[in-house]
Amino acid sequence: MKNVKAIAAGQFIFLFMVAFFVFMAVVSPQFRTHYNLFNLWLDAVITGILGIGMTFVIITAGIDLSVASSLVFSAMIGAILMSRGQDVLLSFLVMLAVGLGFGLFNGVMVARLKMVPFIVTLGTLSLGRGLAMLSTRAKSVYGFPEIVTRIGSGEIGFFPIAGLIMAFLYVVAWYVLNRTVFGRSVYLVGSNPRAARLSGIDVERVKSLVYLVSGLCAAIAAFIQMGRLNAAKPNMLYGLELDVVSAVVLGGTSLFGGKGNILGTLWGTMVIVLIRNAMVLFGVSVYYHQVVKGLVILAAVLIDILRSGVLRKQ
Amino acid sequence: MRKLVLLGIAVCFVVMALGIVAFAEEKKEIHIGVTVPGLFSPAFVEMKRQGELKAQELGVKVTVVSAENDIDRQFEQVRDFIAAGVDGIVITTIDSHGIVKAVEEANKAGIPVITVDRKSFGGEVFYHEETDNFNAGRLCAVYVAHLFKDNPGPIEIFIERLDPSVDSVEDRFQGFMFEVSQWPNLKVVAAPNLGMDVGKAFDATINAFQANPNIKVIFLPGEPWLSGTVSALKQLGKWFPRTDPNHIVMVGVDGDQFAVENMIEGYYDFSAVQAIDKFVADAIEVFVQYFREGKKPPVKERYVPVLGLCPENFDFIKDRVWGYRVYMEQKGKQ
């Protein structure tokens, strides 16, 4: 019984999400339609994929506020290339290079030059937005090859293709974090960098790599985002980085580093998406949307803090 | 004890959240979903309010959501409306290209879509209504041109260009520039991008006057950021009434309460007034007529001309200006 309690406490956010899901399914007939369930999964994709990179970064006690900006800049570059008739694969590779470029820049600044992650990524946040605006003089780019829109919003049977890509990335991320030397190094660097260094881990290298992971995730999300709307706009996804950080923290990853759970990030993302969906289905006044979202997130985190006491006693 | 306090706080949060949800209205006969770009502009706030009043008057349920100027969020909101099974969707989009997929999804679900203020460049739209934004900007330039028609110039103009990725405000900018190009004595010296931020209006005005101290005219493609400009002019010592020869001419588009207030006080020169407050209300009326009586609107698109408001005609047309109504209501509350 004690073990069950401990497991439940460790996966609180998962239980919270399931309870929320069941509650919605019971009270709202519209919620349990195929369209809505598909919609929920698809809505979680961008935040979810960015959350993977952010989890790696936050576990090392860092933060990447530039995720949404590097996504948007990657998307604008990809959109320009495709609109000029460039090959989709080539455009995607260039987008990956842009995302990795942002990650590399952040990583070098944080790991090698010992700059504060918050400030560095705040700078690249602004830089990414500015470059995105500059790239098209703030205009939208639209009309991409069918393969792009199919990946962004198509489906295979019941499942959205973008949702399946996200699920695959979570499996890979889970494996890397839990089953590889690099994954264990990430945790150690976050919890005790001195001990990590004494154990022979190249702390700077690990810190640089997590920002690269974040940049890579941003580029992949950018490709999906382009397909979702069949358009790219420099001012899209403003403020998304805060939703991503919320999802990661909600999922149990500590902002102080060393502790974190990749699946928790997925559940945290789902909770955020569920809250937004519930607001519309219930017809809640627009003035309460942010308030309710904030209250539910705070409540979930507070309850998680209380529950985690059970784990410590164990 | 600490745990009890934390538990208490957590329970309070949950109760508050559920309480708010419980206040949501019950489903009525017709349910219309409305998504607006954001509530950062008084024009959108008034548009929302008038829409809700119209819905109340006609006995239909309306759910209004704000996209916070993010096209992706607006796309998700339309999908949420489809999932919620609304009867009709009203969209004031952020991006005319980016919204196409959302309109197509609504089409696929058999839900009619009305676009207001900004178009969708694809999908089947049941009805569209918007301000003639290009001519609104042009009208402002015409006013300036006539004001300085006997002055050989150059008359230096500062434009507080808002987010150029927002089609409607960009059309106003383009309309203004088109008219300015017809008058050799008019010269635009600065047109920075302010985004949707009143603080940036303040900074941009200070910077523009430091670089170009002879600026004589300010054009605001949207007036919600006027307060930032006014504060900057006061700080620069350039805040003079219209009767003063040092007065900086101010023209803009919207006709909101800030423009009205400054015009009444003798500082603001011209406003191209939109009928934006009625757009959502009109859309709801169109839907109700269609759902209840099967009547379709006589035209599929309607471009509403703006109203030129200046101190000379203020008393004659003020009652047709939405910003004047809001201004008087706010004054009444004080």
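Here is how names work: the chains are called A, B, and so on, in the same order as the sequence lines, proteins then strands, and each is numbered from 1.
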Would you mind telling me which of Glu105(B), Lys48(B), His97(B), Gln74(B) has the largest number of heavy-atom pairs within less than 4.5 Å of chain A?
His97(B)

Answer with side chain, backbone, both or neither: which region of Phe81(B) has an atom nearer than 4.5 Å to a non-hydrogen atom of chain A?
both

Donor-acceptor pair, side chain of Lys233(A) and main chain of Asp72(B), under 3.5 angstrom:
no

Run the numbers on Val65(B) and Val280(A) for side chain to side chain contact (heavy atoms under 4.5 Å, CB included), then give the verdict.
CA-CA 8 Å; Val65(B) 292; Val280(A) 177; 4.1 Å; yes

Are Leu281(A) and Asp80(B) side-chain neighbours, meaning at least one heavy-atom pair lies under 4.5 Å?
no

Can you tell me how far apart CD1 (Ile99(B)) and OG (Ser140(A)) are? Round to the nearest 0.5 Å.
11.0 Å

Using non-hydrogen atoms only, which part of Glu52(B) is less than 4.5 Å away from chain A: side chain, backbone, both, or neither?
neither

Stepwise, does the side chain to side chain contact (heavy atoms under 4.5 Å, CB included) test hold for Lys101(B) with Arg228(A)?
CA-CA 8 Å; Lys101(B) 274 199 89 173; Arg228(A) 230 163 103 79; 5.9 Å; no

Working to the nearest 0.5 angstrom, can you tell me the gap between Asp243(A) CG and Arg73(B) CZ?
6.0 Å

Cut-off 4.5 Å, heavy atoms of chain A, and the answer for Arg79(B) is both

Other residues, nucleotides and ligands only: do more than 12 of their heavy atoms fall within 6.0 Å of CD on Glu146(A)?
no

Go through it in stages, so that I can follow the logic: the residues are Met236(A) and Phe75(B), the test is side chain to side chain contact (heavy atoms under 4.5 Å, CB included), and I'd like the CA-CA distance, side-chain angles, deciding distance and then a yes or no.
CA-CA 11 Å; Met236(A) 63 186 177; Phe75(B) 174 68; over 6 Å; no

With a 4.5 angstrom heavy-atom cut-off, could you sort out which part of Val34(B) is near chain A: side chain, backbone, both or neither?
neither

I need the Gln30(A) CD to Ile82(B) CD1 distance, nearest 0.5 Å.
13.5 Å

Contact leader toward chain B among Asn277(A), Leu240(A), Leu229(A), Asn36(A), where contacts are heavy-atom pairs under 4.5 Å:
Leu229(A)

If you count heavy-atom pairs under 4.5 Å between each of Gly98(B), Ala83(B), Ala109(B) and chain A, which one has the most?
Ala83(B)

Contact origin within Tyr142(A) toward chain B - heavy atom pairs under 4.5 Å
side chain

With a 4.5 angstrom heavy-atom cut-off, which part of Leu42(A) approaches chain B: side chain, backbone, both or neither?
side chain

